[in-house]
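A, B, ... follow the sequence lines: proteins, then strands. Residue 1 opens every chain.
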Amino acid sequence: MPKVSMTVNGKSASGDVEGRTLLVEFIRETLGLTGTHVGCDTSQCGACVVHVDGQAVKSCTMFAAEAEGAEVTTIEGMAGADGTLHPIQQAFQDHHGLQCGYCTPGMVMSAAALLADNPKPGEAEIRDYLEGNICRCTGYHNIVKAIMAASGQDVGRIAAE
Amino acid sequence: MYAFELERPSTLADAVAALSGGEAQPLSGGQTLIPTLKQRLASPGKLVSLTGIKELRGIRLDDAGQLAVGAATPHVQVAAQDHYPALAHLAANIGDPAVRNRGTIGGSLANNDPSACYPAAALGSGATIVTNTREIKADDYFTGLFDTALEEGEIITEVRFPVPRRAAYAKFEQPASRFALVGVFVAQYAQGVRVAVTGASEGGVFRWAEAEKALAADFSADALSGLALDGAGMIADLHGSGAYRAHLTGVMTRRAVAAAG
Ligand SMILES: Cc1cc2nc3c(=O)[nH]c(=O)nc-3n(C[C@H](O)[C@H](O)[C@H](O)COP(=O)(O)OP(=O)(O)OC[C@H]3O[C@@H](n4cnc5c(N)ncnc54)[C@H](O)[C@@H]3O)c2cc1C
Ligand code: FES
Ligand code: FES
């Protein structure tokens with residue numbers, strides 16, 4: 001089987017993969033990083049979003065071999081080494097941006113990609129960016145709030161939907 | 001997914017050679033092909049990835065002033081260019097950010113989904129689809145549902161768009177799939193107006209000749225009043241009947257003309 005090598009959360013990682021091995025399978029099964037979730041496996045829900053060379057991608061819709069040489073960041077790479085939550089994670093906790101938590105790894109990774117591009121997004125921009133991230137619990141409202149808060153913005157005026 | 005071999009060539013010549021063996025298929029962004037493989041609707045023996053081929057990526061203005069987009073250029077990059085704003089706007093509204101970071105123009109045109117956005121831009125702009133062997137005019141390229149003029153093993157390398165005076169794409173989004181329930185691309189050139197409709201016809205993307213004629217005489221939404229398409233031959237599914245899509249085509253054409261300004 002061909003071998004693939006990449007950097008995952010700052011550490012080099014390699015393993016044997018088949019052509020059909022998905023990036024999410026490599027991350028979860030070969031590397032044991034099970035924070036990245038598979039919600040749909042049909043490219044719809046965004047639970048599996050990770051960063052590949054700084055860009056948000058659905059890791060269920062990319063082959064592991066395509067990430068050869070790439071810098072990959074998963075939800076495990078967000079908190080500090082001492083366990084201090086990333087500001088986006090902390091904001092999700094503070095604003096109840098999660099209930100069952102299944103969608104949360106993808107939501108946090110998408111939010112991080114958004115804020116890297118657009119450090120102070122408006123409410124509409126956040127909702128638009130999260131179009132590919134589905135949450136069955138929260139109704140999105142507190143997720144939007146958390147992302148506003150993580151970007152240092154006032155959350156008081158967000159319209160209830 | 002059935003097992004297959006995955007090759008990652010770094011030049012177009014190597015990709016063409018790898019595809020010549022039969023049983024092989026190109027892989028670009030994978031945003032359509034990977035879900036298809038998971039459903040076992042395709043079972044290639046080998047996938048030849050185009051994503052590592054530098055000459056297939058990037059955007060430039062060619063000598064004729066056309067916007068030339070490399071086939072393996074992801075939607076996010078087309079959305080960021082400012083030479084052809086209507087095309088940027090179309091690309092910026094395909095799917096969601098993660099789909100736009102991987103999905104490519106070449107993959108979209110090769111697939112020719114009847115509800116995809118890029119076919120409307122290519123046909124509506126009279127673009128040229130360049131392959132490893134020839135140049136194909138958009139008018140000759142789209143041959144039906146998921147069907148194109150491409151031969152077995154032929155690779156799209158570039159898509160060249162003449163830049164219009166003004167243009168716009170109006171998409172009525174199907175919120176679950178994010179594809180177009182109906183999308184209309186309108187572009188005005190010195191030679192005339194082109195109107196291309198996606199999402200509506202069972203035959204895939206098509207030009208609406210009556211609307212083109214009316215808009216060539218008077219480029220305004222009012223010029224379209226009284227024009228209507230027939231619901232026969234339109235896609236009918238749980239999201240809308242053929243008559244509904246025919247009506248929506250008129251509405252979206254007027255919106256596109258208004259947006260083109
Ligand atoms: C959730 C979601 C939402 C989406 N929403 C939209 C939308 O709103 N509008 C829209 O238009 N699309 C939408 N898409 C489709 C998306 O735009 C895909 O990127 C596109 O259809 C296929 O491009 P790809 O690069 O991913 O191609 P792939 O999936 O890699 O390939 C698709 C097909 O094209 C062939 N192929 C690829 N490249 C070439 C080439 N250069 N030459 C010859 N053949 C080639 C492959 O063999 C395959 O048969 C959506 C997809 C998803 C998953
Ligand atoms: S698991 Fe990848 S998009 Fe749902
Ligand atoms: S918190 Fe349960 S799916 Fe989002």
Side-chain angles (χ1 to χ4, degrees), chain A residues 1-4 17-25 36 38-70 106-107 109-118 121 125-134, chain B residues 1-10 18 23-53 72 74-77 79-80 92-104 107 173-179:
Chain A
M1 268 195 291
K3 190 176 153 133
V4 66
V17 294
E18 286 187 82
R20 62 180 167 177
T21 305
L22 298 167
L23 180 58
V24 71
E25 292 169 340
T36 302
V38 176
C40 65
D41 203 23
T42 57
S43 321
Q44 304 289 326
C45 77
C48 64
V49 168
V50 302
H51 297 182
V52 176
D53 292 329
Q55 288 192 310
V57 306
K58 293 175 181 170
S59 60
C60 78
T61 314
M62 176 170 176
F63 294 120
E66 292 271 275
E68 173 67 36
M107 288 288 179
M109 298 314 287
S110 281
L114 168 63
L115 297 188
D117 250 21
N118 182 355
E125 287 173 311
I126 295 172
R127 291 187 188 274
D128 186 52
Y129 196 89
L130 294 181
E131 191 149 24
N133 290 85
I134 293 172
Chain B
M1 248 183 290
Y2 294 110
F4 52 81
E5 213 186 304
L6 180 62
E7 270 193 48
R8 299 193 76 226
S10 56
E23 292 275 300
Q25 198 178 340
L27 168 70
S28 196
Q31 301 303 293
T32 292
L33 185 53
I34 295 177
T36 309
L37 291 166
K38 286 180 181 176
Q39 292 175 66
R40 296 188 166 183
L41 294 173
S43 52
K46 179 162 77 178
L47 288 188
V48 179
S49 167
L50 307 179
T51 58
I53 304 175
H75 308 329
V76 65
Q77 278 179 28
N93 287 289
I94 291 176
D96 56 61
V99 168
R100 296 193 288 273
N101 284 336
R102 294 291 302 165
T104 67
E173 190 176 286
Q174 203 291 92
S177 75
R178 292 165 222 134
F179 279 76

Test side-chain hydrogen bond (donor to acceptor under 3.5 Å, both in side chains) applied to R100(B) - qualifying residues, sequence neighbours left out: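 Result, side-chain hydrogen bond (donor to acceptor under 3.5 Å, both in side chains) vs R100(B): none returned.
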Side chain / backbone / both / neither for Q55(A) at chain B, heavy atoms under 4.5 Å: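 Backbone plus side chain of Q55(A), per the 4.5 Å heavy-atom cut-off to chain B.
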Heavy-atom proximity to chain B below 4.5 Å, by part of L22(A):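 The side chain, not the backbone.
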Those residues of residues 1-8 of chain B, ordered by number, that approach chain A below 4.5 Å (heavy atom to heavy atom):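 Near chain A, by residue number: M1(B), Y2(B), A3(B), F4(B), L6(B), R8(B).
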Contact class of L33(B) relative to chain A, heavy atoms under 4.5 angstrom: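 It is neither, since no heavy atom gets under 4.5 Å.
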Interatomic distance, I34(B) atom CD1 to C60(A) atom SG [nearest 0.5 angstrom]: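 Result: 8.5 Å between the selected atoms.
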Euclidean distance, D96(B) CG relative to N133(A) CG, rounded to 0.5 Å: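 Nearest 0.5 Å value for the CG-CG distance: 7.5 Å.
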Donor + acceptor pair across side chains of E66(A), T51(B) (<3.5 Å):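 E66(A) vs T51(B): donor-acceptor pair found between side chains.
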For A98(B) against K58(A), the heavy-atom pair lying closest together: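 Result for this residue pair: CB-CG, 3.8 Å.
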Audit row: T61(A), Q31(B), side chain to side chain contact (heavy atoms under 4.5 Å, CB included) steps and yes/no: CA-CA 6 Å; T61(A) 314; Q31(B) 301 303 293; 3.6 Å; yes
Under 3.5 Å donor-acceptor, K38(B) side chain and D41(A) backbone: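 Checked: pair present.
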Exceeds 12 heavy-atom contacts within 6.0 angstrom, atom CD of E125(A):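 Yes, CD of E125(A) has more than 12 neighbouring heavy atoms, counting only those of other groups under 6.0 Å.
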Which of A56(A), A65(A), S110(A), P2(A) touches chain B most, by non-hydrogen pairs under 4.5 Å: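 Between A56(A), A65(A), S110(A), P2(A), the count favours A56(A).
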Choice from M62(A), R20(A), E131(A), E18(A) maximising heavy atom contacts with chain B below 4.5 Å: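 The candidate making the most pairs under 4.5 Å is R20(A).
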Which of P35(B), G30(B), G95(B) touches chain A most, by non-hydrogen pairs under 4.5 Å: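 Sorted descending by pairs with chain A, the first entry is P35(B).
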